[in-house]
Trainee: 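Dropping the structure in here first, questions after.
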Amino acid sequence: MAKMKGAIVVDLEKCKGCEVCRVACPNDVIAMAQEVNHKGYHYAYQEHQDACVGCANCAVVCPDGVITVYKVKLSD
Amino acid sequence: MKELRLMKGNEAVAEGAIRAGADGYFGYPITPQSEVMEYLMAQQPEKRTGMVVLQAESEVAAINMVYGGASTGKKVMTSSSSPGMSLMQEGVSYLAGAELPCLLLNVARGGPGLGTIQPAQADYFQSVKGGGHGDYNLIVLAPSSVQEMFDFAFLGFELAFKYRNPVLILSDGLIGQMMEKVELCEQMPRTTYFDRSWTLTGKPDGQERNIVTSLDLDASRQEIHNQHLQEKYRKCKETEVRYELIDTDDAEYLFVAYGSSARICQKAIQLGRGEGIKIGLLRPITLWPFPAKPLVELAPKMKGILSVEQSAGQMVEDVRLSVGCGVHIEHYGRMGGMIPTPEQVLENLKKLLITK
Amino acid sequence: MDIKDIIKPENLVYQKTPLMTDKPLSYCPGCGHGTAHRIVMEVIEEMGIQSETIGVAPVGCSVLAYDFMNVDMVGASHGRAPAVATGIKRCWPEKFVYTYQGDGDLAAIGTAETIHAANRGENITIIFINNGIYGMTGGQMAPTTLEGMKTSTSPYGRELKSMGNPLKMTELLAQLPGTCYVTRQSVHSPRNVRRAKKAVRAAFESQKENKGLSLVEIVSNCNSGWKMEPVASNEWMVEHMFPFYPLGDIKVDGKLVNNQ
């Protein structure tokens, strides 16, 4: 079976740090930053570079629509 | 050939609306104006012109249907009577705030509260001072005949779209219920042009969408919007004042009266002149903007002015504001649905202005 | 494979729909309103009806919905959105018209307009966000507030005897012959968002076929009003809201589902 590899891009300034995406991720890819953005929120970011499969669960559930998802199919 | 018909005021305004090319009527029954919707329903205007007529669940719903319809750029209207108009005031304020054109009709009855179902003119303040919350004005037309009920449907829509502002026809139970000869004009086509600078038609591809709202949480922008509204009202005051003068050339006393009261005053003028009292009449056709200028011009020639209204004295305040202190100004009126006779009007002119 | 090699336009699988404007949402962190907005806009995008759609915003937290939804929109007075939508739809029967309303707007002050629009079978779609509280005014009791739930106007919990019962408007509306499609959904998990989006699509398709009023209730959180962290509020919602407001279709194609 082909393996999927994904990546997310978070609009850091629009992220409100609600953590709904972190909980929704099946592979614990997302963590909240120690730093804050200009609004003072600990924004979400892709902590584990290899674990993302590009399922887009995080983006689908993000209330602020700040996550963009990319995915590639890796050949066996 | 002229098309003449014997009609009730309420029927005439409904027929006028159809012929003015109205797109929609949304209303709720209340005496003494229910014939408006009854006539429309019987006429089946959706077959005649495509006009929609819908009986709403309340006056509150009706005015908000008007708000929705008006936001599409279509010609929409409602009608009611005093207590129902009070219910509509929030929606009217939204319409004025969002600068939406529409036609409103109040076939007024006696108040306050549920009051009576007989004619009154006690909604003057509500009509000309805004009526709902915030700084706004309606353009207010006061018909004094069944013909004018018909004609003002056309004029009302014309002014509403010219200024993108609600126009109110302030009638009363007498004008609404009485029957007179009406000369009908030809059917105007319904509009097919919608100005994309403000109407909601669905956002065309490649163009900006439109938002219709009266809300701005930024106070400085809200003030600018209010200043824009006031500027619009100022232009309206300059150009839209309408009135009629009757027997004023040699008059020594002046009635100021609108709507059904103006009709009563005309008879009182005849009676007075029969006794040698030279009386004239200034009949405001637009109650807002109020015909202050012609009144100011006439006032110095008068020994006294009597504002005749079926109320405790509301328009008399605008008469006094316009004229100032130099002339003796009094009010005469009856209330609660009682209609003064021409004899009573003349008697009170003598009592309040001559023998005093 | 390096992450930079994945982040390329050809590998894009999900991004915010252009039918949502770029304006940052005015909602609290984790609030379901944003997700609900987005799925409505995604459905309009996928159906290709942006140029034929007119939306009605309510009064409440989503009073500024027109700032975020990139379609022609009008702001209604409190509770009157179904009447405003009726006026628009009667003037433009061929356009898609929807309202977006909260529980105070739809189920308290606007009860009459909601019920009568539904009963007339107005061919509009209502998106109804139920979070059991007045969020915008600071967390007061709503018609949908659960028994025992604490709000700023029921600080000791909603007591049914004096404060009345939580109102199941959606079940009530499903009883009316004018409604065609009535469903209750949520947007707190990816699976639920996808289901809710399918429901919104079904509602707009129902409108397309002139079948009558379609209603999608979305049970949502109000972490500020409930005074919880966003994730905790979603968990509380699952545990407490869903038993009283069960998810699923209530009426499909004009027929009540199961034992409704």
Trainee: So for A:Glu13, is it side chain, backbone, both, or neither that comes closer than 4.5 Å to the heavy atoms of chain C?
Mentor: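 Neither part.
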Trainee: Strictly under 6.0 Å, is that where the ring centroids of A:His38 and A:Tyr43 end up?
Mentor: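 No; A:Tyr43 has its ring centre 6.0 Å or more from that of A:His38.
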Trainee: Do you know which of C:Val187, C:Ile3, C:Ile7 has the most heavy-atom pairs with chain A at a distance under 4.5 angstrom?
Mentor: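 Heavy-atom pairs under 4.5 Å are most numerous for C:Ile7.
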Trainee: Of the backbone (N, CA, C, O) and the side chain (C-beta and beyond), which part of C:Lys197 lies under 4.5 Å from a heavy atom of chain A, both, or neither?
Mentor: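 For C:Lys197, there is no contact with chain A at all, as no heavy atom is under 4.5 Å.
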Trainee: Applying side chain to side chain contact (heavy atoms under 4.5 Å, CB included), run through C:Ile250 and C:Thr170 and close with a yes or a no.
Mentor: CA-CA 8 Å; C:Ile250 296 168; C:Thr170 302; 3.6 Å; yes
Trainee: So which of C:Glu229, C:Glu10, C:Arg194 has the largest heavy-atom pair count under 4.5 angstrom toward chain A?
Mentor: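 Going by pairs under 4.5 Å, I would pick C:Arg194.
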Trainee: Side chain, backbone, both or neither: which part of C:Asn221 has a non-hydrogen atom closer than 4.5 Å to chain A?
Mentor: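 Neither the backbone nor the side chain of C:Asn221 comes within 4.5 Å of chain A.
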Trainee: List the steps and the verdict of salt bridge (charged side-chain N to carboxylate O under 4.0 Å, His left out) for C:Asp22 and C:Lys16.
Mentor: CA-CA 9 Å; C:Asp22 288 329; C:Lys16 190 192 71 167; 3.0 Å; yes
Trainee: Using side-chain heavy atoms (C-beta onward) and a distance below 4.5 Å, is C:Pro58 in contact with C:His78?
Mentor: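 Side chain of C:Pro58 against side chain of C:His78, heavy atoms only: no contact under 4.5 Å found.
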Trainee: So what's closer than 4.5 Å to chain C heavy atoms on A:Val23: side chain, backbone, both or neither?
Mentor: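 Only the side chain of A:Val23 comes within 4.5 Å of chain C.
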Trainee: Classify the side-chain pair C:Thr183/C:Gln185 by whether it contains a donor and acceptor separated by less than 3.5 Å.
Mentor: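 C:Gln185 and C:Thr183 do have a side-chain donor-acceptor pair below 3.5 Å.
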Trainee: Rounded at 0.5 Å granularity, tell me how far CD1 in C:Ile124 sits from OH in C:Tyr98.
Mentor: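 These two atoms lie 12.5 Å from each other.
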Trainee: Chain A: which of C:Asn11, C:Thr17, C:Val13 shares the most heavy-atom pairs with it under 4.5 Å?
Mentor: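 Ranked by heavy-atom pairs under 4.5 Å with chain A, first place is C:Asn11.
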Trainee: Any side-chain to backbone donor/acceptor pair from C:Asn130 onto C:Val219? Under 3.5 Å, distance only.
Mentor: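 Here the side-chain-to-backbone pair does not exist.
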Trainee: Pick from A:Asp11, A:Val20, A:Asp50: which one has the most heavy-atom pairs with chain C under 4.5 Å?
Mentor: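 Between A:Asp11, A:Val20, A:Asp50, the count favours A:Val20.
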Trainee: Is a donor from one side chain sitting under 3.5 angstrom from an acceptor on the other, for C:Thr125 and C:Ser214?
Mentor: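 There is such a pair (donor and acceptor under 3.5 Å, judged by atom type) between the side chains of C:Thr125 and C:Ser214.
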Trainee: Can you tell me which portion of C:His188 sits under 4.5 Å from chain A's heavy atoms? Options are side chain, backbone, both or neither.
Mentor: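 Only the backbone of C:His188 comes within 4.5 Å of chain A.
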Trainee: Given that the side chain runs from C-beta out, which part of A:Cys58 has a heavy atom under 4.5 Å from chain C: side chain, backbone, both or neither?
Mentor: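 Contact with chain C involves no heavy atom of A:Cys58 at all.
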Trainee: Look at the aromatic rings of C:His33 and C:Tyr100 and report parallel, tilted or perpendicular, splitting at 30° and 60°.
Mentor: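 Tilted: the ring planes of C:His33 and C:Tyr100 meet at 30° to 60°.
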Trainee: Identify which of C:Cys31, C:Gly34, C:Pro29 forms the greatest number of heavy-atom pairs closer than 4.5 Å to chain A.
Mentor: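 Winner by heavy-atom pair count: C:Pro29.
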Trainee: Is A:Lys5 in contact with chain C via its backbone, its side chain, both, or neither, using a 4.5 Å heavy-atom distance?
Mentor: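 Both parts, heavy atoms under 4.5 Å.
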Trainee: In terms of heavy-atom pairs under 4.5 Å, which option from A:Thr68, A:Val66, A:Val60 contacts chain C the most?
Mentor: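 Of the options given, most contacts go to A:Val60.
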Trainee: Heavy-atom pairs under 4.5 Å with chain A - which of C:Lys8, C:Gln15, C:Met20 has more of them than the others?
Mentor: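 Option with the greatest count: C:Lys8.
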Trainee: Hey, is the main chain of C:Leu106 close enough, under 3.5 Å, to the side chain of C:Thr114 for a donor-acceptor pair?
Mentor: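 At least one qualifying donor-acceptor pair exists.
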Trainee: If we define contacts as heavy-atom pairs under 4.5 Å, which of C:Asn192, C:Val193, C:Asp5, C:Leu25 has the most with chain A?
Mentor: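 Top count of heavy-atom pairs under 4.5 Å with chain A: C:Leu25.
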